[in-house]
Every structure is written in structure tokens, then in C-alpha cells.
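Worksheet for the structure shown next.
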Number of protein chains: 2
Amino acid sequence: MLQELTETRYGKHDYIFREGDPTEYFHIVKEGTVKCVKSTPEGKECTLKMLMPGDLFCCDAAAFDGASHPGSAQPMGDVSILRMKKKSYFEMLRRNPDAAMEVIKYLGNRLNEAQEKTKDLALDRADQRLASLLVDLAARNGIPDPNGIRLTVRMTREDMANMVGITTETAIRIMSRFKRDRLVSGTANRLLIRDLKGLKALASAS
Amino acid sequence: MLQELTETRYGKHDYIFREGDPTEYFHIVKEGTVKCVKSTPEGKECTLKMLMPGDLFCCDAAAFDGASHPGSAQPMGDVSILRMKKKSYFEMLRRNPDAAMEVIKYLGNRLNEAQEKTKDLALDRADQRLASLLVDLAARNGIPDPNGIRLTVRMTREDMANMVGITTETAIRIMSRFKRDRLVSGTANRLLIRDLKGLKALASAS
DNA sequence: TAATAAACATGACATATGTCATGTTTATGG
DNA sequence: CCATAAACATGACATATGTCATGTTTATTA
């Protein structure tokens, strides 16, 4: 079983797979951060989810029951990915009820997350969604720093914009304001959360 | 196994469960249409999904791996719901790999749908999202009619608004325009899709 | 390290959508 | 069937966010 897992490394400018590619493999993030992206014919992009070590993707779950990837997967920096043929994976799950149950739970949680994101997009303002993203990343990706919490993932204003459904300009403006208000500092390569409580308050403000 | 399934009927003003209720049961829609709703402390609502016969909910998948329902489930008209204790359901899946695989596929598709919805909210205009909703319902819920396709589910402008993330007023204005352009006619109790092609064109217009 | 591209920044203005108010029509339940 | 509430409609106006333009700063990589 384990011998059917292969490891591949990717860099910033690679694609792990593109929208429309056939879904031959099942993937797991081993190292680094991967983003799942959907784009329109006009070139607009929307980042659905950042995947971190241990995450399955299956980002686009059609890997399970569909013919082609409904979105692309791109590394954010250097990453290492484990892959297994879809067929082997299915067989493994069929023989191993505990593993299947774990996958059901994982997918359930992912569905939940996706629905929470839908609600945020529908009901929250742009600055709340951006604050929310930063709070979330501080927990998932942050390391302690003398002045707050440092994010280890590289994330440009454009990345943030695509993650919360706004334009790059709006993301820049909001981040400028957050900086002025001493909530955050730094740019893509070195983002620092300086006031987590303040961001949390903003994220859930009416 | 089957004897652990119980059936319950609900009417328009009932709740099947509310946000925050413990997730004791696993549910299946037998008859009618159910909506999954999340709401904010301020009373704003967002409808995540309409469930029709055969759908599992698990609308909020935390029924699988969480303590309390992250959203409420409300009938749209009269419905009939099958329920099974979560524990029995888990046991059944563990003994029945085929059933577990089906659930994995179902959840994968639901996750996919949710992500498609996220993309629409992030990148499409209000009128496109509303057109898209009507096209989708015509296929899932429509019956042929001399003048087009009739929707069998009762759906107010407010319902539509909550489903596509806009205000009721905006939904009413857009529907007024659609009516003027002979794309649709009727109100909540009797909605008619008069020009499916026109709606489809609008839904995917740049 | 120099050249080039990417990222960040900000102003001016456009516009889609929200908000609030008011009235009419239609449906519902006692 | 009548009374009441829900749904639909539309105007006037507010505002959040998008668009386009231009410039600076910061990072890449040749």
C-alpha cells in the first residue's frame, strides 16, 4: 500500500495540476502550502482554500467521483506532495473501514468550512473577511515573534484578495489601514500579526 | 438496520433542527424540499443549499464529526424526513464499505458544489447568480408547462435573495427586470421559467 | 549587482448593491 | 370570507467596492 505513494516537489511557478486536467491521482500535502484556485475565462481568480501538511486534495473533491479537476492546485513557495493512483486509493479505503470513516469525517469538516466561507462572502464586509483570514492564518501558520505572530507562508496582497473575494487594490487599501491601526505589519515575504485581538474584534464586528 | 430509520413530517413554519442543536441524528430528505440556513446575530440569513429527495444532511457535515449543528434546516413547504441515530449510521457504514464509498463520493460532490458557489459569490454579479439559481432549479425541480418550465417548490424573492447573497429588495428588482425581459413570470407559489436559454446566457455572460 | 519584474501604494472616479421609506397586491388562517 | 400578515414593488439616496491610472518600493534572477 505505502509503496504506491510517490513524492514530488514543486516550486513557486509550477502547477501541481490545472483546471480541467484528468483526475488520475489522489494527493496529500507533505510540506509547504498549496492553494486551490478556480478561474474565469476573463482571467479573474478565486482561491478556495489553502492546504497545509496533512491536508488531502481532493481540494476539488471530484478527484473522487469526476473526470476532471474543477480547479487548479498551485504551490505557495516550495512544497512536497504525496500522490497515489486514485484506483489504489479507492481499494485501500474499501478494505479499511477506519480509513474510510476518517475520510468521511475529513470531507464533512471540509464541507463545513466551505459553507462557513460561503456565509462570510454573503454576509460580511471586505475588511471583516480579510481580518478573518489573517486570524485564521495566525493560528494555522503562525510562529511566535517578539512583536506578535509571524506567518511563515508567503502571501501577497493579490493572494489575499483572491482568498476573500475582493480586488487587489481593495486588499492593499484595507491592509494599509490595518497597518496604520497597528494590527499588522510587513509585506508578502514577512507578514506580522501585531494585534490578534484587534483583528478578531474586527472580524466579528456587526 | 432499516428498522432504525424513522420518518417525520414537517410543515412550512417548523424547524427540522436549529443552529446550535446537538447532532444526534443523521437525516435524509424523503419528500419535499429543505433549506440549510445560517444566520448572524443581527438576523441576516444565508441559505447554503436546497436539499431534495435523496439528499443527506449532513447539510452541515458536522453531524459526522462535530457536536452541534452549524446551521438550521427548515422545510420549504411540507416535507418528510428520515432519521437515524448517528451511532447506528456510523456502525452501518463501518460494516458496509460500499455504502461508505457512496457517502465519500456524495460528500465530495457536495464539497465541489459548495466551492463552485464560493466562486460564483466571489466573481459573479447579483443578476448572474440569480439567473444561475433559476437555471439550476429548472433542472432539479421543474416540470414542463405550456409556457416554459414550472418550479414546484415555493420560493419567495426573499428566499432567492438569501440563496444568492443579496438583499430582498435587490432580488425583487432583478426579478422585475427578468419579468420585463420575459425570462420568467409569476411569484413565490407559481414560478415559471419562460426563457431558459436567455437565463443561461445571462448566467455566464462576462 | 544591475536590470527587470513583481508587489505595494494611492488618487479620482464609476457603479453595483444596500438601506430606508412608502404603498400595493396577494395569500393565509381564524 | 374577512382581517391580517406576507410578499411584491419602486423611488431616493447612501456607500462599499471596483476600475483605471500613475508612481514608488521591493524582490528576483540573469
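In the text below, chain A, chain B and the rest are named by the order of the sequence lines, each starting its count at 1. Model, not experiment: these values are computed from the prediction.
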Worksheet item: For A:Val79, what residues pass the side chain to side chain contact (heavy atoms under 4.5 Å, CB included) criterion, not counting sequence neighbours?
Response: A:Tyr10, A:Ile16, A:Val34, A:Pro75, A:Ile81
Worksheet entry | Bounds of contact between DNA chain D and chain A, in 5' to 3' order, using a heavy-atom cut-off under 4.0 Å | D:dT17 to D:dT29
Worksheet item: How would you list all residue pairs meeting salt bridge (Lys or Arg N to Asp or Glu O under 4.0 Å) that involve residues 163-181 of chain A, not counting sequence neighbours?
Response: A:Asp127-A:Arg177
Worksheet entry | Sidechain N-carboxylate O distance under 4.0 Å for B:Arg83, B:Glu7 | no
Worksheet, complete the sentence: Tightest non-hydrogen contact, residues B:Pro70 and B:Lys38, listed as O-NZ, 3.1 Å
Practice prompt. Among residues two or more places apart or on two chains, list those pairs meeting salt bridge (Lys or Arg N to Asp or Glu O under 4.0 Å) that have a residue in residues 15-24 of chain B.
Written response: B:Glu24-B:Lys85
Practice prompt. Using the test side chain to side chain contact (heavy atoms under 4.5 Å, CB included), find all partners of A:Leu196 that sit at least two apart in sequence or belong to another chain.
Written response: A:Val135, A:Ala138, A:Ile149, A:Ile193, A:Lys200
Worksheet, complete the sentence: CG of A:Asn147 to OG of A:Ser185, rounded to nearest 0.5 Å, is 7.0 Å
Contacts under 3.5 angstrom, residues 150-163 of chain A side chains, donor-acceptor by atom type, not counting sequence neighbours:
from     : atom 1 : to       : atom 2 : distance (Å)
A:Thr152 : OG1    : A:Asn141 : O      : 3.2
A:Thr152 : OG1    : A:Asn141 : OD1    : 2.9
A:Thr152 : OG1    : A:Asn141 : ND2    : 3.3
A:Arg154 : NH1    : A:Asn189 : OD1    : 3.1
A:Thr156 : OG1    : A:Glu158 : N      : 3.3
A:Thr156 : OG1    : A:Asp159 : N      : 3.0
A:Thr156 : OG1    : A:Asp159 : OD2    : 3.3
A:Arg157 : NH1    : A:Gly186 : O      : 3.4
A:Arg157 : NH2    : A:Gly186 : O      : 3.3
A:Asp159 : OD1    : A:Lys35  : NZ     : 3.1
A:Asp159 : OD2    : A:Thr156 : N      : 3.0

Worksheet item: In Å, rounded to the nearest 0.5 Å, how long is the span from CZ of A:Phe17 to SG of A:Cys36?
Response: 6.5 Å
Practice prompt. Carefully, step by step, assess A:Leu202 and A:Phe178 under the rule side chain to side chain contact (heavy atoms under 4.5 Å, CB included).
Written response: CA-CA 10 Å; A:Leu202 219 169; A:Phe178 285 1; 3.5 Å; yes
Worksheet item: What are the residues of residues 124-137 of chain A, sorted by number, that bring a heavy atom to within less than 4.0 Å of DNA chain D?
Response: A:Arg125, A:Ala126
Worksheet item: Starting at the 5' end of DNA chain D, which residue's closest nucleotide do you reach first, A:Thr187 or A:Thr167?
Response: A:Thr167
Response to the item:
B:Ala99 meets the side chain to side chain contact (heavy atoms under 4.5 Å, CB included) criterion, sequence neighbours left out, with B:Met92, B:Leu93, B:Asn96
Worksheet item: Can you list every salt bridge (Lys or Arg N to Asp or Glu O under 4.0 Å) pair that touches residues 137-149 of chain B, not counting sequence neighbours?
Response: B:Asp136-B:Arg140
Practice prompt. Examine the side chains of B:Lys86 and B:Thr23 and answer whether a donor and an acceptor come within less than 3.5 Å of each other.
Written response: yes
Discussion item. At a heavy-atom distance below 4.0 Å, what parts of residues 173-182 of chain B sit against DNA chain D?
Written reply: B:Arg173, B:Ser176, B:Lys179
Restricting both atoms to N or O, compile the protein contacts to nucleotides 28-30 of chain C shorter than 3.5 Å, with distance only.
from   : atom 1 : to       : atom 2 : distance (Å)
C:dT28 : OP1    : B:Arg154 : NH1    : 3.4

Worksheet item: Checking A:Asn109 side chain against A:Tyr106 main chain: does a donor-acceptor pair fall under 3.5 Å?
Response: no
Practice prompt. Starting from the first five and the last five pairs of the helix from C:dT1-D:dA30 to C:dG30-D:dC1, work out the angle between the resulting helix axes, to 10 degrees.
Written response: 70°
Practice prompt. Please check if the side chain of A:Ser176 supplies one atom and the backbone of A:Ile172 the other of a donor-acceptor pair under 3.5 Å.
Written response: yes
